[in-house]
2 protein chains.
Amino acid sequence: MDEKIISARTLRRLPVYLHYLNSIQDHCRNISATAISEEFGLNDVQVRKDLNAVSGTGRPKTGYVVTELIAQIESVLDCRTESKTVLVGAGNLGKALLSYEGFRDFGLNIIAAFDNSPTICGTLVNGKPVLPLTDLETVCREKHIQLGIITVPASQAQEICDRLAACGITAIWNFAPTILRVPAGVLVENENLASSLAILSKHLRAEKGGAPT
Amino acid sequence: MDEKIISARTLRRLPVYLHYLNSIQDHCRNISATAISEEFGLNDVQVRKDLNAVSGTGRPKTGYVVTELIAQIESVLDCRTESKTVLVGAGNLGKALLSYEGFRDFGLNIIAAFDNSPTICGTLVNGKPVLPLTDLETVCREKHIQLGIITVPASQAQEICDRLAACGITAIWNFAPTILRVPAGVLVENENLASSLAILSKHLRAEKGGAPT
DNA sequence: TAGATTGTTAATCGATTAACAATC
DNA sequence: TAGATTGTTAATCGATTAACAATC
């Protein structure tokens, strides 16, 4: 009964609420869904439904107890449990992500990176070893890797994805600009920067001209 | 009549199709929506509707002409027009993105980065100058900057967003884990890595235990 | 002609929003 | 009590999928 089904959209907003609640917890004991909705320009019912999915302890007139909400969201997100991770593709984007320390706050622990370029294999990036791609399966199995980050070119992404899935990895964070086919039970989260840029560019362009007549 | 309204979801898939079409154009003259849908595990009607939004020249039995499709998608995405961009927040993630060359392929041209740490201001990251945050307005106005990338901590993101919008920037790529309020006409594209990790972590956790009874 | 493929119209699905009753 | 706020049920909206007619 503890585990309600939480929609992906709700799940995406929870870290945002959590960050906000942490920032106000020193000066606010209670908070209403209405106040949160105004902070972020969201619909108040939406916020209430989101909070309901993790909590359900709101009280009319008073709202929610900030510290309780924080504890409940943290419990759902389970920020403290580390996710053992490998990153495949130590090119520009891969190295950039390896160097980004911020992931640690979210429980992400990158154990190793893989690449097939001999010049980068054997080096360390931000203290993390870059290993030859041939070692992928061995390391994933031995270290019980749970999560794979894909930063190879689109043309190789599906093959890497297949290999990761074959090692028992069930969560894949895909930065390659392609759509991956995966077996049932494996979750792919796409961080498609090309798609995001398409949205932004289109907006910039639409503003200027419209139809060229 | 040239400009049909293209939904955001469709727009996100177009770069994926484009990449695939480029990869096959040497050996395929025609391609059917069905074939594309199978390549990516999508619904065939969905692909057809997507292609329809940019083209509408498909022929029964034959499908679409690959080179025509490529030209039409490129025209809609307008990859060749450069978007003049600034990046605000030269911390770990900011520096990582500055070092990523891949953006160039998508028409993104980062003119300068901004930060308020004296130790990083005045330096170059990947050949791009990091300037003091106080210069933000001057540079944006003088260089006619169109797009802003926000990589500051969540607590400062809204303020930076307001300042960018005040300089006439109408497209914002937000990597801070928060939701931004913007004036009408300004588009925010969120690349919320914390949200993505929430989805992935939840999946990993749900698999293992489920409810602790 | 037969069959693959397109494009359209209707049905389904999920998420957001609106309306409203319950409660402190 | 009055009013703010919660939580629920119904309406709306947009996107995906299914069914089907048109066409090469």
Side-chain angles (χ1 to χ4, degrees), chain A residues 1 4-14 16-17 21 24 28-66 68-69 72-73 179 181 187-190 192 195 198-199 202, chain B residues 1 4-14 16-17 21 24 28-66 68-69 72-73 179 181 187-190 192 195 198-199 202:
Chain A
M1 306 298 107
K4 297 182 197 171
I5 293 135
I6 303 178
S7 81
R9 297 287 187 92
T10 294
L11 212 41
R12 264 174 220 284
R13 285 185 290 265
L14 291 179
V16 176
Y17 300 154
L21 293 168
I24 61 161
C28 301
R29 193 173 156 67
N30 298 295
I31 184 92
S32 74
T34 317
I36 297 177
S37 75
E38 279 163 8
E39 172 69 20
F40 295 112
L42 300 174
N43 181 286
D44 64 323
V45 181
Q46 184 174 64
V47 174
R48 217 166 280 124
K49 284 205 166 169
D50 287 344
L51 298 184
N52 232 304
V54 299
S55 169
T57 56
R59 304 231 260 136
K61 185 105 175 173
T62 326
Y64 302 79
V65 179
V66 175
E68 277 179 20
L69 268 189
Q72 286 156 342
I73 296 177
I179 296 167
R181 274 167 290 116
L187 180 75
V188 176
E189 176 71 15
N190 289 302
N192 194 330
S195 289
I199 301 267
K202 185 75 188 155
Chain B
M1 306 299 107
K4 298 182 197 171
I5 292 136
I6 303 179
S7 81
R9 297 287 187 93
T10 295
L11 213 41
R12 264 174 219 285
R13 285 185 290 264
L14 290 180
V16 176
Y17 301 153
L21 294 168
I24 61 161
C28 301
R29 194 174 154 70
N30 297 295
I31 184 91
S32 74
T34 318
I36 297 178
S37 73
E38 278 163 8
E39 171 69 20
F40 295 112
L42 301 173
N43 181 286
D44 64 322
V45 181
Q46 184 173 67
V47 175
R48 216 166 281 126
K49 285 205 165 168
D50 287 344
L51 297 184
N52 233 304
V54 298
S55 169
T57 58
R59 305 231 258 133
K61 185 104 172 177
T62 328
Y64 303 79
V65 179
V66 175
E68 277 179 20
L69 267 188
Q72 285 155 344
I73 296 177
I179 297 166
R181 275 167 288 117
L187 180 75
V188 177
E189 176 70 18
N190 289 301
N192 193 330
S195 289
I199 301 267
K202 185 75 188 159

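What you are looking at is a predicted structure, and each value in this text was computed from that prediction instead of being measured. Residue numbering restarts at 1 for every chain, and letters A, B, ... go by the order of the sequence lines.
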Taking dT6(D), dA4(D), dG7(C) as options, the one with an atom nearest any side-chain atom of K61(A) is dA4(D)
Rounded to whole Å, the CG-P distance (N52(A) to dT9(D)) equals 12 Å
Here the residues of residues 39-46 of chain A within 4.0 Å heavy-atom distance, strictly under, of DNA chain C are N43(A), V45(A), Q46(A)
Atom CZ of R13(A) and atom C1' of dT17(C) are separated, to the nearest Å, by 12 Å
**N or O in side chain of R9(B) less than 4.0 angstrom from dG14(D) OP1/OP2** = no
Checking dC24(C), dA15(C), dG7(D) against the side chain of S7(A) (C-beta onward), the nearest is dA15(C)
query: What about K49(B): does its side chain form a donor-acceptor pair under 3.5 Å with the base of dT17(D)?
result: yes
| request: Return no unless some side-chain N or O of T34(B) is found under 4.0 Å from OP1 or OP2 of dT6(C). | output: yes
To the nearest 0.5 Å, atom CD1 of I199(A) lies from atom CZ of R9(B) at 10.0 Å
Of G58(B) and T10(A), the one whose nearest nucleotide on DNA chain C sits closer to the 5' end is G58(B)
Across every strand shown, the nucleotide meeting Watson-Crick or G-U wobble geometry with dC24(C) (both distances under 3.5 Å) is dG3(D)
In D50(B), D44(B), L51(B), the residue satisfying side-chain contact (heavy atoms from CB on, under 4.5 Å) with R48(B) is D44(B)
Across every strand shown, the nucleotide meeting Watson-Crick or G-U wobble geometry with dT17(D) (both distances under 3.5 Å) is dA10(C)
d(T10(A) OG1, I5(A) CD1) to nearest 0.5 Å is 12.0 Å
### Message
Whether R48(A) contacts dA4(D) is assessed here as follows: a side-chain N or O lying under 4.0 Å from the phosphate OP1 or OP2. Is that the case?
### Response
no
_At 4.0 Å (heavy atoms only), tell me whether R12(A) reaches a base, stays on the sugar-phosphate, or touches nothing._
nothing
